[in-house]
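All figures in this text were calculated on a predicted structure; none of them were measured in a lab. The analysis underlying the following values was restricted to heavy atoms, covering all of them including side chains, and did not include hydrogens, waters or symmetry mates. Every number for a ligand or one of its atoms is a count from 1 in the order of the listing.
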Amino acid sequence: MHHLRTTVVRLGPLAAAQTAQIAPQSQFLALERGTRTFQPVRSLRASVAAEPFLNGTSSNYVEEMYYAWLEDPRNVHKSWDIFFRNANAGAPPGAAYQSPPPLSGPSDGTMGVRALVGAQPNVEKLVKDHLAVQSLIRAYQVNNKHCRMINVVSDHYQICLYGLTEGDLDKVFRLPASTFIGGNDSALPLREIIRRLEMAYCQHIGVEFMFINDLEQCQWIRQKFETPGIMQFSLEEKRTLLGRMIRSTRFEEFLQRKWSSEKRFGLEGCESLIPALKTIIDRSSQCGVESVILGMPHRGRLNVLANVIRKDLDQIFCQFDSKLEAADEGSGDVKYHLGMYHRRMNRVSDRYITLSLVANPSHLEAVDPVVQGKTKAEQFYSGDTEGKRVMSILLHGDAAFAGQGIVYETFHLSDLPSYTTHGTIHVVVNNQIGFTTDPRMARSSPYPTDVARVVNAPIFHVNADDPEAVMFVCNVAAEWRNTFHKDVVVDLVSYRRNGHNEMDEPMFTQPLMYKQIKKQKGVLQKFVEKLVAEGVITTQHYEEEVARYDKICEDAFAHSKDEKILHIKHWLDSPWPGFFTLDGQPKTMSCPSTGIREDELCHIGNVAASVPLEDFMIHGGLSRILKGRAHMVSKRVCDWALGEYMAFGSLLKEGIHVRLSGQDVERGTFSHRHHVLHDQNVDKRICIPMNSISPDQAPYTVCNSSLSEYGVLGFELGFAMASPNALVLWEAQFGDFHNTAQCIIDQFISSGQAKWVRQNGIVLLLPHGMEGMGPEHSSARPERFLQMCNDDSDVFPVITGDFAVHQLYDCNWIVVNCSTPANYFHVLRRQILLPFRKPLIVFTPKSLLRHPEAKSSFDDMLPGTHFQRLIPDEGPAAVGPQNVKRVVFCTGKIYYDLIRERKSRGLEDAVAVVRIEQLSPFPFDLVKAEADQYQNADLVWCQEEHKNQGYYDYVKPRLRTTMNRTRPIWYAGREPAAAPATGNKHTHLTELQHLLDAAFDLETSPGKL
Ligand SMILES: Cc1ncc(C[n+]2csc(CCOP(=O)(O)OP(=O)(O)O)c2C)c(N)n1
């Protein structure tokens, strides 16, 4: 809208047809219009603001009309034509508008226009030129990032002065409110306007921001980049910058000298990354930030550890010694994946700051949501509701930033209330190549950073060969984040001097590019020459600084040789103070009872059945559900939803924060949970009874997430990383959807502790079960989780008194399939009451949520009770075990089908049905006890999943080991199949009947082993 309004305010009369001559002719304006981003002006003259239809959301529409009118007045309705003519003719407020012409006959309005326009013919050229200048300014603001100076590798920028001739260069033009190039001047000659625009936008910085649909934010950016002389640095700042460039450059050179054949993914070509990060941290610290959480890929990681996080150099150097013995259990990880945590004084701000770099796998960008989750958690625990004290910085490679979908998923979390971290600063090491692939083959968008536009994040492109420009941009980025608490991107346009790693030959694939790169002087050298020429430093000063840093490296190198043992735990990114003993061990090796008192069960149950707010109208269907809960409490039983309520509520009461996140978790996919009640009469009025359990309870967070698994699971993993004193759960809509988050599961959850000695107690709730719903939605793929369990299938463990806890301590994750609400309640509580943390995978039910028999008595949840790893048969079979002909081992929902079938066949004393509730670590001790009890019985594993899926491949060898291979284990279940389930309901039921027949046909031996 700003063109129209400023035109109206500042300019004289103009004939529309002539104005149309300056309609877009150039690439600039075409691009500009393509964005369709219209900003209202900074200050409107009252006369124009008085036009009611120029305000609010109609402004875009009006501007579109205006452009259409500029092209041809006949493009718009006559009434608009009249308005624009009058407005441009300087009509006073309210007078520009004339009522639409009548459907027949000539209009009075047209006559009026003729009178106004005709009265001032000389102004036409003036208006035309001012509009052209405005468009020119806007074009620079919109389309500046092609600037040749930004990019040392390619050169394709051309300046077009559309609509203006050389003769106009010395004419003075009034500057619109949408630019700050004037400084204190409100009018400038065109020549000077262009010079200042070139200074602001066509040097080493390109700014993408005009798509941001917020006037204040756009003006803020314009002011930061356009104000004349704004990029000034003191001598001290320049020397500090030099010092940082020296460290960055000489660190890589040192590593290259000492370990020339080791991979380190050096920063050569983008050494200014180090001052960039340090500037962001300094400025943020000055703005009050106390903790910065970083995520980054391989490129320059060692340099960041050394020179930003300040990991001791000898600790880094000793990582290059492959003979060093590891002090910690687990696989460990390569040096450029490890994390780090460090608290130190920031010299610029004189304040303490904590820096943590989150350990990450090779999988590019996978760490992004994890960093966001950890940041959110730290903000949450420190009461930093606006992100003023804790912030995140994410680093990216250009190819990965453009190519990996998780970047997009993470951006989409950035403004969601339960996921926002109030602005992330993204820094792209844009070396214009990804391994051997150049951008033409790696992305379809013009810039690797275009993904950031979806959240209206400004993007600052900067030539990384100009450390001062980099520093300037990073200061602005930090200030942006501090001012608006929104994401921002710094794109360090650079190159990669070597191959992908130090062993790679880049000339194989990018010969011309690398010929050009070889000719480039190093950035440090260029910078030193500039500073010497400016008289900021002497060559001697520079040489002394270099020698000083080289000596630091040499001394640390000598020191590193004394290290005999490698401690991965020195590389922890998220310490949990007080949770472990000083040497990092659990404080006990036992787990107390997870039961709670009856009065607590009743209280929590009653809260679950209540609406704690006055005058809050809930849906009638929900009233029935709540009544049902109250009824269950009165009968001392609970169903699945109530069991979960009891677990969450009791932990909250004990001061444990509970956070449940995932798609539609507030209600629950299966409409069983209803943790958020909605007033039927008042829009957006909600009530969360779980937060009314006790005045001093911990807060409960339940949040419907964006429709992302990879991003949201990564986020929750990061949240769980921050503190051991929280139960963090992610629920998949259906269990099979977890596979779009497979990277988080494989790279972080199952193996994170082994690689990075970092524990994590995240809980995955994965709805699972074959219920005739087709191949999708049936299986949470238990086989995949079980295949990644680290317990040995062939070794029967030594059973000691605290075997169950030891087994949990040794495992990489816990996999359960609970068949009762009480057991679900216990396993959730056990997550917190254990003295250590392990990820917990829960296959959760669907039909069992409402199954009349899938209910638990309060008796099973009282003090003294605990999670049952295995639930033995407690019926007639257990009373006379010597008469039992068959023991059917199973897990989860099939149990209810089995006992129904057993009953209908009258086999309750002949067949024992035993539930294995904790699949992994496998309850060897309890399974053995059960099998031993039924010495005369066949042993059968029964599952509803297909044979090549489900649990069979996991339990078979473990059952055999348990039996010491003396008794066969038979299989009753579906045949192997490619798809997890049939799409035909009838086939589903037939298959189910067949497997039940196999399980209970005692006459014929179960045919399959
Ligand atoms: C998800 C994933 N796919 C593939 C790779 C293999 N890989 C490692 S580095 C790299 C190129 C990355 O290019 P870019 O993001 O531009 O970073 P650069 O190495 O250039 O700094 C690739 C493809 C990986 N690490 N992660």
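We find that E529 and K526 are not joined by a salt bridge, their nearest charged nitrogen and carboxylate oxygen being 4.0 Å or further apart. Classification of E378 and K376 as a salt-bridged pair fails, no side-chain N sitting under 4.0 Å from a carboxylate O. A salt bridge is absent between K263 and E502: the closest approach of a Lys/Arg side-chain nitrogen to an acidic carboxylate oxygen does not fall below 4.0 angstrom.
A distance of 12.0 Å separates CD1 in I221 from CD in E479, rounded to the nearest 0.5 Å. With values rounded to the nearest 0.5 angstrom, K278 atom NZ is found 8.0 Å from N346 atom CG.
Checking side-chain atoms of N812 against main-chain N and O of C789 turns up no donor-acceptor pair under 3.5 Å.
Within 4.0 Å of ligand 1, contacts by protein heavy atoms are made from H298, R299, S362, H363, L364, G397, D398, A399, A400, Q404, N431, I433, G434, F435, H500.
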